[in-house]
S.K.: 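Would you mind keeping the following structure in view while I ask a few things?
Remember, it's 1-based here, ligands and their atoms both numbered in the order they're listed.
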Amino acid sequence: MLGAHVSIAGGLHNAPYNGKAGTCEVVQIFTRSRNRWGGRKILPGEVEQFLQAQEETKVRVVCAHDSYLINLASPDRALFRKSWTALLEETKRCDLLEIPLLVAHPGSHVGSGEAKGLKRIAEAINRVFDRSSDGKVSICLETTAGQGTSLGHRFEHLAEILARVENRDRIGICLDTCHIFAAGYPIRTREEYRATMKAFDQVLGLKRLRVIHMNDSKKGPGSCVDRHEHIGRGRIGKVPFGLFLNDRRLLRVPKIIETPKASAREDRINLKRLRSLIEVGPAGRPKPRSSCRGRR
Ligand SMILES: [Zn+2]
C-alpha cells in the first residue's frame with residue numbers, strides 16, 4: 001500500500017481524486033487547515049461524497065495528520081488544554097469520515113524538560129480517549145527529527161508515552177524515515193537498517209507500527225533537522241527505501257510519501273521510484289520477474 005499526502009482543497013472528496021492523479025493506492029490528508037485552530041463542521045453530505053470518491057477511485061484515505069499547532073507537551077496550561085481538545089476534535093472528524101488512523105506529533109516540551117513533557121503527552125492522550133470511549137480511530141505517534149525541544153526523536157520517548165497511556169488498543173506509531181535518519185538512527189546499509197528496526201522492535205514492538213512516512217532527507221544523519229527530499233535524491237538515498245518496501249514484516253503497513261510537490265506529477269515520479277524497488281509480491285512471495293514474460 002503506497003501513497004502520498006494529498007490536498008483537500010475544494011472539499012474533502014477531492015483527496016481520493018488527487019491521490020488517483022498521483023498513482024496512489026492510499027492517501028493521507030489533513031481533515032482541516034493544518035495551521036489554524038478549529039475547523040468548519042463536516043456535513044453529512046460531505047461524508048457521503050468523501051466515501052463515494054474512495055469507492056469510485058479505489059484510493060483509500062488511510063490516515064489523517066493532526067494540526068501543526070497542537071502541542072500535547074506544552075507547559076502552558078491554556079495551550080495544553082487547547083491542544084488536547086483539538087486532538088479530541090480531530091479524532092471525532094476521523095471517526096465521522098471513517099479514517100482509521102490519525103498521525104500526531106508528540107509535542108515539544110519548550111524547556112520544561114523531557115520527563116515532564118512526555119508525561120503531559122500521555123495525559124493528553126488519556127483525556128482524549130476518556131472523552132471518546134466509543135471512538136474507533138487509532139492515534140499514531142510520529143517519530144520526530146528532534147528539532148528544538150520536540151519529543152519523540154528517541155524510540156524510548158514514545159515507549160515512555162505508551163507505558164502511560166491507559167487504552168493501548170487505540171495507539172500506534174508512525175515511523176518517518178527522514179525523521180529517524182535526521183535523529184541519528186542509521187538506515188543506509190542493510191546492517192544499519194536491521195539494527196535500527198531491531199531497536200524499534202525491542203523498544204516499541206513492530207506490531208505498533210501502523211504507518212510509515214517514506215521521505216528522503218535534505219539534511220545529514222544526526223542533523224536533527226526535518227527537511228523532506230524526493231526519494232533517492234537526498235542524504236538517505238534510494239537503497240534504504242527498498243529495505244523498508246521488501247521487509248516482509250511491513251508489507252501490510254501503509255507507506256506514505258510527504259515529499260515536496262507542486263502537482264501530482266512529483267508524486268507519480270517518487271512513487272514510480274519506490275515501486276521500482278519492490279522485489280516481493282503482496283503475500284510476501286518474490287515478485288515474478290518481467291524477464292520471464294516471454295518464456296515458453
Ligand atoms: Zn512525517
S.K.: How many protein atoms of type N/O/S are positioned less than 2.8 Å from the Zn ion (ligand 1)?
M.R.: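 For the Zn ion (ligand 1), the figure is 4.
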S.K.: Show the atom names and distances, to 0.1 Å, of all donor-acceptor pairs under 3.5 Å that link a side chain in residues 55-62 to residues at least two apart or in another chain.
M.R.:
from, atom 1, to, atom 2, distance (Å)
E56, OE2, Y17, OH, 2.8
T57, OG1, A53, O, 2.7
T57, OG1, V59, N, 3.2
K58, NZ, E55, O, 3.0

S.K.: Please report the closest heavy-atom contact between K261 and A4, naming both atoms and the distance.
M.R.: NZ-CB, 4.4 Å
S.K.: If we count only N and O atoms by modelled type, under 3.5 Å, do the side chains of Q147 and D226 hold a donor and an acceptor together?
M.R.: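 D226 and Q147 do not have a side-chain donor-acceptor pair below 3.5 Å.
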S.K.: For residues 194-206, tabulate all N or O donor-acceptor pairs below 3.5 Å that involve a side-chain atom, not counting sequence neighbours.
M.R.:
from, atom 1, to, atom 2, distance (Å)
T196, OG1, P186, O, 2.6
T196, OG1, E192, O, 3.3
D201, OD1, L206, N, 2.8

S.K.: For the residue pair N270 and T259, confirm or rule out a side-chain donor-acceptor distance under 3.5 Å.
M.R.: yes
S.K.: Anything under 3.5 Å between a donor and an acceptor, one on a side chain of residues 97-107, the other on a protein residue two or more places apart or in another chain? List them.
M.R.:
from, atom 1, to, atom 2, distance (Å)
H105, NE2, H65, NE2, 3.2
H105, NE2, E142, OE1, 3.2

